[in-house]
Amino acid sequence: MSNDFTPDEMMTIAASRALKNDDVCFVGIGAPSAACNVARLTHAPEITLIYESGTIGTAPSVLPLSIGDGELCETAVSTVAVPEMFRYWLQGGRVTIGFLGAAQLDRFGNINTTVIGDYDRPKIRLPGGGGAPEIASSSGEIYITMKQTLRGMVEKIDFVTSFGHGTGGDDRQKLGMTTLGPTLLITDLAVWRPDPVTKEFTVVSMHPGVTKENVQATCGWTVKFADDVEVTPAPSVLELKTLRDLKARTKAAHAAPSTSGANA
Amino acid sequence: MSNDFTPDEMMTIAASRALKNDDVCFVGIGAPSAACNVARLTHAPEITLIYESGTIGTAPSVLPLSIGDGELCETAVSTVAVPEMFRYWLQGGRVTIGFLGAAQLDRFGNINTTVIGDYDRPKIRLPGGGGAPEIASSSGEIYITMKQTLRGMVEKIDFVTSFGHGTGGDDRQKLGMTTLGPTLLITDLAVWRPDPVTKEFTVVSMHPGVTKENVQATCGWTVKFADDVEVTPAPSVLELKTLRDLKARTKAAHAAPSTSGANA
Amino acid sequence: MAKFLSIRDAVADNLKHGDSVAFEGFTHLIPHAAAHEVIRQGFKDLTVMRMTPDIIYDQLIGMGMVKKMIFSFAGNPGVGLLRRVRDAVENQWPHALEVEEHSHAAMANAYEAGAAGLPCAVFRGYLGAELAKVNANIKSIIGPFTGEQLAAVPALRPDVTFIHAQKADRKGNVLIEGILGVQKEAVLAAKRAVITVEEVVDDLDTHTNACILPHWTIAAICVVPGGAHPSYASGYYDRDNVNYIEWDAIAADREKFLAWMDEHVLKATPEIFAERVRHLRASA
Amino acid sequence: MAKFLSIRDAVADNLKHGDSVAFEGFTHLIPHAAAHEVIRQGFKDLTVMRMTPDIIYDQLIGMGMVKKMIFSFAGNPGVGLLRRVRDAVENQWPHALEVEEHSHAAMANAYEAGAAGLPCAVFRGYLGAELAKVNANIKSIIGPFTGEQLAAVPALRPDVTFIHAQKADRKGNVLIEGILGVQKEAVLAAKRAVITVEEVVDDLDTHTNACILPHWTIAAICVVPGGAHPSYASGYYDRDNVNYIEWDAIAADREKFLAWMDEHVLKATPEIFAERVRHLRASA
């Protein structure tokens, strides 16, 4: 155990713990590829990581800056074309965990990464959904990870980029989906799971030192807490070392100064 | 010029002459891969030959026994999976010439390779269409080659495996096809082209020594002859040597006796 | 997760009476050894599918194991007709055979749709072709943008797919090289895939974009050297063309066929395949 | 049939004002040199498409050459937002930009359908996703066998596709290795394809199932070493990550952007790309 860690590190490590050795994890744009790789480097060495660039079974030594970095391909079992990736591998139902981030999230796990404001006259034009709409519907289940802020965790998202549980209950089944949807939300403060019936995200565990007031103060909806909220185990020395080594290797690899004389 | 050739050799060589250097030729099962390769080895060295096994731009030194022989792949520019072959390469409209054979053929270039007799109670169950139904509709134009017999060239085929010109006229356009369909029939006796309006196959050239009576005697419908029926130029020495060398190499390669102790 | 098993155990563990099953291979890498093991274990009422059923389907059908065949070209490649298939279709011997017949384009698209988890394949096909009149599984849809009518066929989703491949690594990742056929699609479309391979190696040692099936897409891997004979395995041994020609005479006669099957399949073992290809390895 | 041309001539011969055009590349092999040549030649009213528009689309849009963008993820990979795209969408600078927005699955399927000569792509997608409400080109069809509702989008058929690839042989066959993206599909879907390559070689010297575009599918091939910089060309040079980070600051300010474009694009030549990657070659 270590007491010297940041909320961000706790979030990544808590997310990594949810991944299993036999998971096939689709790491979409914006998703915590750090969590997936910490899992791979600690308790889940056989986990299959798939990036939407077509790389299947990657094992990068540094975190990719983009989802198509060369090392993903060099360490992959196989690299396929992107249409095949979306048809055979995602739509084909082979992904057990889709890992998504969010610019805006609501209590039912619906995600917005498209626009802040009105779609036709956006206040902020975000990058868009990328792979997320179909990751959300085709993966066996969805893990979401994001830092808590009042702007990010909102009562009503401006645009439903990726469908979570809709308005809760059996909304997914009504749309013909047979996958579980969001089953886990990991923030920098807490671990949340959907209520079995209403599907509203409920805090089941808070990270060491975090209070219910902290969680509510950074969440735009009225937070539901489980009857017995546990304390998330602090990062182990190995987990923390693995994450920090990975980040250090990544920083060194990406910070090499350009001497090309012109960028872009 | 040579006078020492068989009708079969004349047929293959006449077919080879119809192929051009910039053609992309889809060589289906049962088709005269001999004609395609004689063209490649004589006047059309740059012709692209595609076999439905996925081999694009092959240049075999012997004729394949099957459409998936190893040499097709070894000499190909690229070998792709069969679904891609039918989607990107054939359906994608990249094939200029589809080359088909036939068990039964009618005067409008409709082909049967499915059954003799009734479909549900066939007298002879033939292999079936394979790639032919879509080769017939997706290739820029179709060349057909077959030996003339009363059983093969019939008034009415028992089953329309591959659509030619239907009942003639603009039947293809009525079905939404934008490709030309059969534009050439080469038999062991003659060269036929469809009438521009009725689309009925019409003899435009007879091979050396062949008479109109010979053609009619081996064709089950009343043959139309062009006003000026030409004489097909006899095989050149080079054409004949190329074909015979190819066949000799093929025979030697395929006749190697098995010493495996058990076949199949 | 792929288990390394004997072909006997892999067949027994994964196939049941009445299953739908694909033995795929497009001239190259045809899984003869797997088919022979299935015949030895005496399964009944199988629905078999393949684009190009050839000798092994002649054998399965002639031995009375098949209720229905889904196919697009049933021939002895380079030789002619399949005489056991003909006898079943024309004379119901040893019993009637239901056929669902497609074009190659339809079958290839249907496996692709199966691999892609779709209920059906959509393509431009069967225009003017009479198969659409005799096969109720050929339907059409109207494209919602241009109004063009396109063909639709159900996705193929076999219970079990058998294929033969060149090699596996020790984790069970399998490499296919050369003429690929529809094998990757047939494996990904299946509920369970059983793959025979020439050998197991430490490192697949191939191209980054080569056709590789990850170990977690495979139920069982069986090392059966020569398991594709008399078809071929690129890099290992050549096609044994003479065997295809000889099959025509064997299959032409019911008694001769049964005697051949008894001697070369029922009383044989998977180990004979290694011996069969010994003389073909030098030239490959 | 592929012609070997300078990138100047290839752009001039193949692109027209008002064309629809794809510059594809999925992080790997992004055709920067081709895009810069298009910018220098000053085309107008282009409809540009790409799954992952990044810096070059920021540049094309910021320079006012684009009427409409079809896309699924518009970000600076690993860095953040595209500031010129945002300025066009949020503030109509330098003019309004029409957007047609899809998911990656839709775009990938739409290129695939374009390559396959189909009018539309059919897939399982957009379930519950709000894009289907704001994009009239997202429709649905009912599968005729199971009754499942599937998504349909129009096939993508650009007038011109630009890609960058590793190498061509002397006949003009082009090899792409590593992360393949949708480049093969984008080329086969296009009316005309222009490909920049690192080099021309006697023999592509690769795997039999590698991704190769035959010469007769390509309009023009241009040798532009370094033409993918600051993205990378596997086997030739690494990704220049710092450039992506620096772009964020350049694109944040209209004047700074215009000055940069003037110096590094308008007054530059395709030959500068070879120099740009010189320091990156050693580590690749």
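Below, read A as the first sequence line, B as the second, and so on, with proteins coming before strands; counting in each chain starts at 1.
- Note on ring orientation: taking the six-membered ring where Trp is involved, the planes of D:Y126 and D:H102 are tilted (angle from 30° to 60°).
- Heavy-atom distances place the side chain of D:M51, and not its backbone, under 4.5 Å from chain A.
- Proximity to chain D involves both the backbone and the side chain of A:P83, based on heavy atoms less than 4.5 angstrom apart.
- Comparing D:A268, D:G80, D:A105, D:G226 by heavy-atom pairs within less than 4.5 Å of chain A, the highest count is held by D:A105.
- For chain D, the option among A:P127, A:G54, A:A132, A:S162 with the highest count of heavy-atom pairs below 4.5 Å is A:P127.
- Using modelled atom types, no side-chain atom of D:Q59 and backbone atom of D:M261 make a donor-acceptor pair closer than 3.5 Å.
- Only the backbone of A:K123 comes within less than 4.5 Å of a heavy atom in chain D; its side chain stays farther off.
- Using a 4.5 Å cut-off between heavy atoms, D:I179 touches chain A through backbone and side chain atoms alike.
- With a threshold of 4.5 angstrom between heavy atoms, D:F123 approaches chain A through its backbone and through its side chain.
- Within the cation-pi definition used here (under 6.0 Å to the ring centroid, within 45° of the axis), A:R94 does not qualify as a partner of A:Y88.
- A donor-acceptor contact shorter than 3.5 Å links the side chain of D:R40 to the backbone of D:V265.
- Of the two parts of D:V79, neither the backbone nor the side chain holds a non-hydrogen atom closer than 4.5 Å to a non-hydrogen atom of chain A.
- For chain A, no part of D:Y111 is nearby; none of its heavy atoms comes within less than 4.5 Å.
- Among D:E101, D:M107, D:R124, the residue with the largest count of heavy-atom pairs under 4.5 Å with chain A is D:E101.
- Between D:R83 and D:D87 there is no salt bridge, since none of the side-chain N atoms of the basic residue sits less than 4.0 Å from a carboxylate O of the acidic one.
- Residue A:D171 does not touch chain D at all, counting heavy-atom pairs closer than 4.5 Å.
- A:E134 touches chain D through its side chain: at least one heavy atom from C-beta onward sits under 4.5 Å away, while N, CA, C and O do not.
- A side-chain donor-acceptor contact under 3.5 Å links A:R193 to the backbone of A:T183.
- The choice from A:T55, A:T79, A:T113, A:I124 that makes the most heavy-atom pairs within less than 4.5 Å of chain D is A:I124.
- In this structure, A:E155 pairs ionically with A:R107, as a charged nitrogen and a carboxylate oxygen lie closer than 4.0 Å.
- With D:R239 contributing its side chain and D:T27 its backbone, the two residues share no donor-acceptor pair below 3.5 Å.
- Between chain D and the options A:F159, A:Y51, A:F163, the largest number of non-hydrogen pairs under 4.5 Å is found for A:F159.
- In terms of heavy-atom pairs under 4.5 angstrom with chain A, the leader among D:S234, D:G178, D:A110 is D:G178.
- A donor-acceptor distance shorter than 3.5 angstrom exists from the side chain of A:D188 to the backbone of A:Q148, with no hydrogens or angles considered.
- Checked for salt-bridge contact, A:R87 and D:E112 miss the test: no charged N lies under 4.0 Å from a carboxylate O.
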